[in-house]
Amino acid sequence: MESASEMVAFPLLTTPIESNYRACTIPFRFPSDNPRKPTPTELAWVDLFLNSIPSFKKRAETDAVDDAPARAEKFAQRYSGILEDLKKDPESHGGPPDGILLCRLREQVLKELGFKDIFKKVKDEENAKAISLFENVVDLSDAIEDEGKRLENLVRGIFAGNIFDLGSAQLAEVFSKDGMSFLASCQNLAPRPWVIDDLDAFKLKWSKKSWKKAVIFVDNSGADIILGILPFARELLRRGTQVVLAANDLPSINDITYPELIEIISKLKDNEGKLKGVDTSNLFIANSGNDLPVIDLSRVSQEIAYLASDADLVIMEGMGRGIETNLYAQFKCDSLKIGMVKHPEVAQFLGGRLYDCVFKYNEVL
């Protein structure tokens with residue numbers, strides 16, 4: 001993680017004081033709640049993180065560190081102990097808890113035990129699989145002549161890719177059993193209208209307007225980045241938009257990191273440096289400074305702050321960044337929050353179904 005002195009507020013947030021920015025969509029507690037007593041929402045989220053411990057422990061057991069199984073057991077004990085403490089006293093461990101603190105504590109325990117990237121093996125496998133499918137996915141998209149239909153197909157691809165999320169206990173289980181088919185996922189998305197569905201308004205805008213620069217905060221590795229985000233980013237490039245992809249500084253769950261993304265894009269480019277025929281001189285990869293599967297936009301790297309300062313479209317992709325922490329974040333320019341709902345608690349809060357889709361478009365006039 002970059003040192004605290006190097007972190008700055010994301011420049012396109014409407015002034016944090018004005019908009020009262022907080023990286024937490026679902027209120028875990030209200031000022032009137034007893035500070036010593038956990039709220040029902042806090043308890044539900046602590047349980048959600050408790051339920052994810054077995055799948056994290058399983059990944060940690062096969063990690064490359066010495067004595068991985070013993071260390072994985074220690075991780076499970078230590079982290080569950082911290083979560084149980086928070087249930088008794090929400091002010092322990094830097095609480096009261098929210099999504100960011102619960103993620104940060106988990107990463108902290110893993111790092112203390114010498115684990116750097118417990119999802120490395122599965123990320124590498126999924127990236128290789130998705131790279132082999134990239135041309136086919138792009139060809140299918142390019143074959144759609146109607147611009148609006150092509151856009152909808154690309155958006156569905158983002159949702160289908162976003163299913164590859166090993167931070168969700170249920171999906172981690174499904175994935176370990178049968179893996180995931182990208183094209184089948186595209187076919188099986190929740191029917192529209194989605195729980196938040198501004199796609200028609202965005203389509204209309206897309207047909208009339210080209211943005212000069214888009215910043216996309218990306219999410220998972222594998223199908224998510226390679227078959228979901230990159231075909232969409234390629235379409236923006238084709239329309240003359242500069243594209244900045246902002247990826248995590250350090251590994252967290254199966255999220256893509258900045259070094260991994262640079263490597264993937266170099267593998268996908270042809271000899272002329274093009275992405276399946278599309279010029280990439282306007283494609284930039286940035287380090288967001290983040291090391292969690294969620295993001296607090298009041299603390300980003302100077303690099304992304306500089307690259308984003310003149311952007312006119314911000315896209316927050318994935319449940320952690322786009323829904324759980326920044327669904328209501330307000331920006332000085334057009335913004336898109338896009339992700340799949342993979343936690344029952346989020347579905348309940350939004351009044352939707354599990355695996356429903358969120359496509360929230362805000363236009364700034």
Q: Does the side chain of R321 come within less than 4.5 Å of L297's, by heavy atoms?
A: no
Q: Between Y355 and N188, is there a side-chain donor-acceptor contact under 3.5 Å, judged purely by atom types and distance?
A: no
Q: Taking the basic N atoms (NZ, or NE/NH1/NH2) and the acidic carboxylate oxygens, is any pair closer than 4.0 Å for R299 and D296?
A: no
Q: State whether the side chain of K337 and the backbone N or O of L327 hold a donor-acceptor pair below 3.5 Å, judged by distance alone.
A: yes
Q: Do you know the tightest heavy-atom contact between N282 and T241?
A: CB-O, 4.4 Å
Q: Show every side-chain hydrogen bond (donor to acceptor under 3.5 Å, both in side chains) that has at least one partner inside residues 304-315, sequence neighbours left out.
A: K213-D310
Q: Judged by atom type as modelled, is there a donor-acceptor pair below 3.5 Å linking the side chain of D198 to the main-chain atoms of Y361?
A: yes
Q: For E107 and S252, which heavy atoms make the closest approach, and how far apart are they?
A: OE2-OG, 2.9 Å
Q: Any chance NZ of K269 has more than 12 other-residue heavy atoms, nucleotides or ligands included, within less than 6.0 Å?
A: yes
Q: To which residues is V294 joined in a hydrophobic cluster, defined by side-chain heavy-atom contacts under 4.5 Å among Ile, Leu, Val, Met, Phe, Trp and Tyr, whether direct or through other members?
A: I100, L292
Q: For K74, does the NZ atom sit with more than 12 other heavy atoms under 6.0 Å from it, leaving out its own atoms?
A: no
Q: Could you tell me if the side chain of L350 sits less than 4.5 Å from the side chain of I323, heavy atoms only?
A: yes
Q: Sequence neighbours excluded, which residues qualify as ring-ring contact (aromatic ring centres under 6.0 Å, His included) partners of W211?
A: F202
Q: Hydrogens and angles aside, do N362 and K360 bring a side-chain donor and acceptor to less than 3.5 Å of each other?
A: yes
Q: Can you give me every donor-acceptor pair (side chain of residues 148-157, partner residue at least two apart or in another chain, under 3.5 Å) with its distance?
A:
unit_1 : atom_1 : unit_2 : atom_2 : d
R150   : NE     : E235   : OE2    : 2.9
R150   : NH1    : I144   : O      : 2.7
R150   : NH2    : E235   : OE2    : 3.1
E152   : OE1    : K203   : NZ     : 2.9
E152   : OE2    : R156   : NE     : 3.4
E152   : OE2    : R156   : NH2    : 3.4

Q: Do the side chains of I131 and V138 join up, straight or via other hydrophobic residues, at under 4.5 Å, putting them in one cluster?
A: yes
Q: Do the two ring centres, one from F10 and one from F217, sit under 6.0 Å apart?
A: yes
Q: Are I256 and L245 packed together at the side-chain level, in the sense that at least one heavy-atom pair is separated by less than 4.5 angstrom?
A: no
Q: In the structure I gave you, are the side-chain heavy atoms of K111 and K116 within less than 4.5 Å of one another anywhere?
A: no
Q: Quick check on K212: does its NZ atom have over 12 non-hydrogen neighbours (other residues, nucleotides or ligands) under 6.0 Å away?
A: yes
Q: Does some side-chain heavy atom of I226 sit less than 4.5 Å from a side-chain heavy atom of K267?
A: no
Q: Do D270 and K276 have side chains that get closer than 4.5 Å, going by heavy atoms?
A: no
Q: Under 4.0 Å between a Lys/Arg side-chain N and an Asp/Glu carboxylate O for D334 and K209?
A: yes
Q: Is it possible for you to say whether I196 and L204 belong to one hydrophobic cluster, with membership spreading through side-chain heavy-atom contacts below 4.5 Å?
A: no
Q: Verify whether the ring centers belonging to Y21 and F331 lie closer than 6.0 Å.
A: no
Q: Would you mind reporting whether F232 and I315 have side-chain heavy atoms less than 4.5 Å apart?
A: yes
Q: Can R71 and D63 be counted as an ion pair, charged N to O under 4.0 angstrom?
A: no
Q: Would you please say whether a donor-acceptor pair under 3.5 Å links the side chains of E263 and S266?
A: no
Q: Just by distance, with hydrogens left out, do N254 and R59 show a side-chain donor and acceptor under 3.5 Å apart?
A: no
Q: Flag yes if V215 and V364 sit in one hydrophobic cluster, no otherwise; membership is Ile, Leu, Val, Met, Phe, Trp, Tyr, and two members link when side-chain heavy atoms are under 4.5 Å apart.
A: no
Q: With a 6.0 Å cut-off (strictly less than), is the heavy-atom count around CD of E91, excluding the residue itself, greater than 12?
A: yes
Q: Treating E317 as the side-chain partner and D219 as the backbone partner, does any N or O pair qualify as donor plus acceptor under 3.5 Å?
A: yes
Q: Is a donor on one side and an acceptor on the other found under 3.5 Å between the side chain of E260 and the backbone of T257?
A: yes
Q: Does this structure show an ion pair linking R239 with E147, if we count only N-O contacts that are shorter than 4.0 Å?
A: yes
Q: May I ask whether V46 and L43 are part of the same hydrophobic cluster, defined by side-chain heavy atoms of I, L, V, M, F, W, Y residues being less than 4.5 angstrom apart, directly or through others?
A: no
Q: Would you find a donor on one side and an acceptor on the other, under 3.5 Å apart, between the side chain of K342 and the backbone of N162?
A: yes
Q: Scan for salt bridge (Lys or Arg N to Asp or Glu O under 4.0 Å) pairs involving residues 24-35, sequence neighbours excluded, and state none if there are none.
A: R29-E42
Q: Check the pair I338 / M319 against side chain to side chain contact (heavy atoms under 4.5 Å, CB included), numbers first and verdict last.
A: CA-CA 8 Å; I338 176 166; M319 182 174 68; over 6 Å; no
Q: Going by an N to O cut-off under 4.0 Å, is there a salt bridge joining K123 and E126?
A: no
Q: For a 4.5 angstrom cut-off between non-hydrogen side-chain atoms, does L83 reach L102?
A: yes
Q: Please check: side-chain N/O of T280 versus main-chain N/O of L283, any donor-acceptor pairing under 3.5 Å?
A: no
Q: Relative to the ring of W45, is the ring of F28 parallel (under 30°), tilted (30 to 60°) or perpendicular (over 60°)?
A: tilted
Q: Do any N or O atoms from the side chain of N326 and from the backbone of I295 form a donor-acceptor pair under 3.5 angstrom?
A: yes
Q: Keeping D98 on the side-chain end and L101 on the backbone end, is there a donor-acceptor pair under 3.5 Å?
A: yes
Q: Using 4.0 Å as the upper bound for N to carboxylate O, is an ion pair formed by D142 and R238?
A: yes
Q: Ignoring hydrogens and geometry, is there a side-chain-to-backbone donor-acceptor pair from T14 to Q330 under 3.5 Å?
A: yes
Q: If you look at every heavy atom in A9 and A305, which pair is closest and at what distance?
A: O-CB, 4.5 Å
Q: Mind checking whether F75 and Y79 have parallel, tilted or perpendicular rings, split at 30° and 60°?
A: parallel
Q: Please name all residues satisfying side chain to side chain contact (heavy atoms under 4.5 Å, CB included) with D197, sequence neighbours left out, ordered by chain then number.
A: R192, P193, W194, L199
Q: Are I262 and V278 connected in a single hydrophobic cluster, I mean Ile/Leu/Val/Met/Phe/Trp/Tyr linked by side-chain heavy atoms less than 4.5 Å apart?
A: yes
